[in-house]
Amino acid sequence: MKIMQKLYILSFLAGLLMLPVHLAMALPQEPADSVMVDVAYGKQEPWKVSSGISTVSGAKLDKTTSTSLGTALQGMLTGLTYLQESGEPGNDFNIYNMYARGLSSFASSQKILVFVDGFESSMDFLTIEEIESVSLLKDASALALYGMRGANGVLLITTKKGRYAPPEVTFRVQTGIQTPTFMDSPINSAEYAELYNQALENDGLPVRYLPSDIAAYRDGSDPYLHPNVNWKDQIMKSVAPLTSAEITFRGGNKSIRYYMMTGFMLNGGLYKGTDPKSRENSNVKFNRFNFRANLDVNITKHLTSSLYANVGIGSRLTPGGDYSANSMINSIWATAPNAFPVYNPDGSYGGNSALTNPVGNLLSRGLNKDNLQTSQLIFNLKYDFSALVKGLSATASVAYNGYVDETSPKTRDYARYALSQSGTDESGAPIWSYSQYGTDVPLASNESFKTDNSRVNFKIQADYNRVFNGHGIDALLFFMTDSYSEYQVRENVRYVNYAGRFTYNYKKRYIAEFTASCMGSDNFAPGHRYGFFPAGSAGWVVSNENFMKDVTWIDFLKAKVSYGSIGNNQTEGRFMFDALYGSIGSYIFGIGSSYSGGFGEQTLANENFRWEKKNIFNVGLEATFLKSLTMNFDYFHEIHNDILMIPSASILGLVGASFRGIMPYMNIGKVTNRGFELTMRYDHTPANKLKYYVEGSTWFARNTVNEKSEGIKLYDYQYNTGRSVGIPFVLVADGFYKPSDFDAEGNLKDGYPVPQFSEVKPGDIKYVDQNKDMVIDANDTYPGKYSSVPELSYALNAGIRWKGLSLDASFYGVANREIYVSGNTIYSFQNNSTASRLALDSWTESNQNASYPRLSTVNFANNYRTSTFWKRNGNYLRLRNLRIGYQLPESATKAMSLKGMEVYFNATNLFTISGMKGCGDPEIGNLTNYPIMRTFNIGIKLIL
């Protein structure tokens, strides 16, 4: 890896050293390249595209502010749904939360593939500044070249390259603050004591806190024996810093073209009191440094070469020696506000036998540092054979992509003390007694290798582009090898791909395209390793017909249709065609009952297992009216066959493999997914006047499980088949039990179903007896309506330009989504935790119209389980981005020897409308996750 690092650094420095030579060269005046759309392993003119593709330009993304490229794509690509779930620096993007056209399988992994400059790579460390465009490939015609790997969609990321233009240096810096979009505050000690007394009374137990105790909590007169600690305020700040900057060099001539960029981002965390130098403890923070050098060189008239090098270096720190910050957030609600003071009178940490001290956990448990590095190196050599065959060229490419994560945990521990007063001294001052829990352990460091992976590709590609008397032909053929290695995984993952695309058009009116891939993988049994994945598409550019010449209000009109088959090989494991052996228990030998370890099959082999198959039909319409209104519409229907799963319905339970849980995975699942996508945009661009645009888009996808080979259920409503993927099965709440539901002895009256989870009392949640068997148990769980992945997404982008002023805003929202809340922010008094703020309106005999069930200190099993009572509407609408900018007039920039200058303000997640009812941010995955952030930044951009 050190050799590769040196190669990247040398290539970047070489580009910088060559820059003065570039600046001195005479530059020819050549026209700008026409707008092209990125397609699989190539580019096409927009009118020629007959497949399903969404594209966003880097210039549009540049108007947003985001700590990662992945989160910046939210709402920017029609058909792409992304749920952030966490705002923790360095962990705020997870590609597994990104979905192309919704869910189309119940398989555990549905990861979108990411290709950067034509080769598979990670997008985690890319910056918005270096992006030329991002395209989402969605239908079979667009994805067929990816063979058995394309079924979950592909993101094509194209970075900026050099161009035929004078040298241009761009410098941008922005800095600002970030604050949580939503973070609830825990209740205070007086509220806690009152609610705890209420819970004890509900349990028929004597109260714990006297009125004098509650008064002391409220007035703060006894801070050690009656502490009132807001643990959120003790460990959390309200704002954190965020700073980023880049400098780029771009230009070129007929001999060489270059784009070089270096940049950094400093993303700070919300924790209080931590060591700014991160020696003994640390805030959560993520620092990232990026280097890119893209060079294109014309070696001869017919021979060109390209070298694209990229290195991302990051350092991610978390407190408490943990690998994530979520445990710190959870401790705010896991610790009661009156449990103990933060610090005892002698300065020691407060604590007790059951709970640690959240401040101590933050400041005296050490820290963890991850040193991260991503790298990509691409070398292309292209020869133009036009002297022999006009329009023919061939390219040989080698690519390397790597990721390294080295971890440096520094761990320690601390003693905490329970405080009690044993008396008073002669002056009346209290005499304190301390009971120690835990011990002080000095800081100890450890260096370890967490993980690394690398990918090496080799590709040979031939391209042919020619027009004969109105007949246009575009063709490509390529052969590619792919070898992926991962730390502590013995066998590399290997693919071989033979693929091609043939596109024909007649006078730019009629388009026909055939695409196919023959891909092989070593993950399947010999003789079954290759699959054929064909797709076809057709387009009709109606606006180019002669009969449309007099229709002046239609500028462009195209109809398109596609159909084909692609695959998904993201299986449950490797080499399932071979049996897996391991320890399976012990055997008894002799009369002394001596045991000996056993070894046997853990999963039966299946030599016939294959990749999953997806057939996609897509039909669409693209139009431009009056040179200002554009419209794109697509309807799709997908059938995802041969989903890999355990055949519970196909193999009887009496079979030994079924009894031991070692049944093989088989290709028997099926899901249908269908929906539509619509984008409309209006541009008002008169010369020298107010200019504005409005763009709205929406996309919808609904799936149905057609076959899941489920075991026999007692009731029809218990089957997943026939319902949507990911639908939860939960108890259906039917209000609270009333006092009239019980007899004089406190038992449920006859005719009421009896809950099996625990004893119930008035104020507990009542559930619907779905099977009418007069008991409430797991057989009464019923399917919900929607999953946590939305069926419907929508976005609205708008902007205004007037002279040098600009205003851009982006809204993003989702619908048809349900979430179920749980955990310490919702439940009360479990495991010595605090009470939820929702419990302030809990059920009592005098408050029977409450919104929260009866409190208890001992009985949680009935109320605190997943049910519709805890369901929340997961729909939301968010102002995702807002940017206000001002470009200085040319006269001012010339006076400063600049080509351009802009100052701007931007913000993200300014407000959210949701149905969470004050429980949390609707996008967050777990209510005790690190909060999603709202940012405010000011910046300046200079062009030299």
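We use all heavy atoms of the structure for the numbers below, so side chains are in, but hydrogens, waters and symmetry mates are not.
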Inset, instruction - Fit a plane to each ring of Phe829 and Tyr196, take the angle between them on a 0 to 90° scale, and name the class: parallel (under 30°), tilted (30 to 60°) or perpendicular (over 60°). - result: perpendicular

Legend entry - Test item: side-chain donor near acceptor, Gln74 and Arg880, under 3.5 Å: yes

Inset, instruction - May I ask you to decide whether Asp921 forms a salt bridge with Arg878, counting only side-chain N to carboxylate O separations under 4.0 Å? - result: yes

Inset, instruction - Could you label the plane-to-plane angle of the Phe757 and Tyr767 rings as parallel, tilted or perpendicular, counting under 30° as parallel and over 60° as perpendicular? - result: perpendicular

Inset, instruction - Before accepting this row, confirm whether a basic side-chain N of the pair Asp743/Lys749 lies closer than 4.0 Å to the acidic partner's carboxylate O. - result: no

Legend entry - Note, Asn91 side chain near Arg316 side chain (heavy atom, < 4.5 Å): yes

Legend entry - Distance-only donor-acceptor check, side chains Asn875 and Asn873, under 3.5 Å: yes

Inset, instruction - Report yes if the side chains of Pro319 and Met328 come closer than 4.5 Å at any heavy-atom pair, otherwise no. - result: yes

Legend entry - Check: Ser758/Asn862 side-chain N/O donor and acceptor closer than 3.5 Å: no

Legend entry - Spacing of OG belonging to Ser828 relative to OH belonging to Tyr192, to within rounding of 0.5 Å: 9.5 Å

Legend entry - Arg218 bridged to Glu194 by N-O distance under 4.0 Å: yes

Inset, instruction - Classify the ring geometry between Tyr864 and Tyr827 as parallel (under 30°), tilted (30 to 60°) or perpendicular (over 60°). - result: parallel

Side-chain atoms of residues 335-343: list all donor-acceptor pairs with protein atoms under 3.5 Å, sequence neighbours left out, distances to 0.1 Å.
| residue | atom | partner | partner atom | Å |
| --- | --- | --- | --- | --- |
| Thr335 | OG1 | Ser331 | O | 3.0 |
| Asn338 | ND2 | Tyr209 | OH | 2.9 |
| Asn338 | ND2 | Tyr217 | OH | 3.1 |

Inset, instruction - May I ask you to decide whether Asp370 forms a salt bridge with Lys450, counting only side-chain N to carboxylate O separations under 4.0 Å? - result: yes

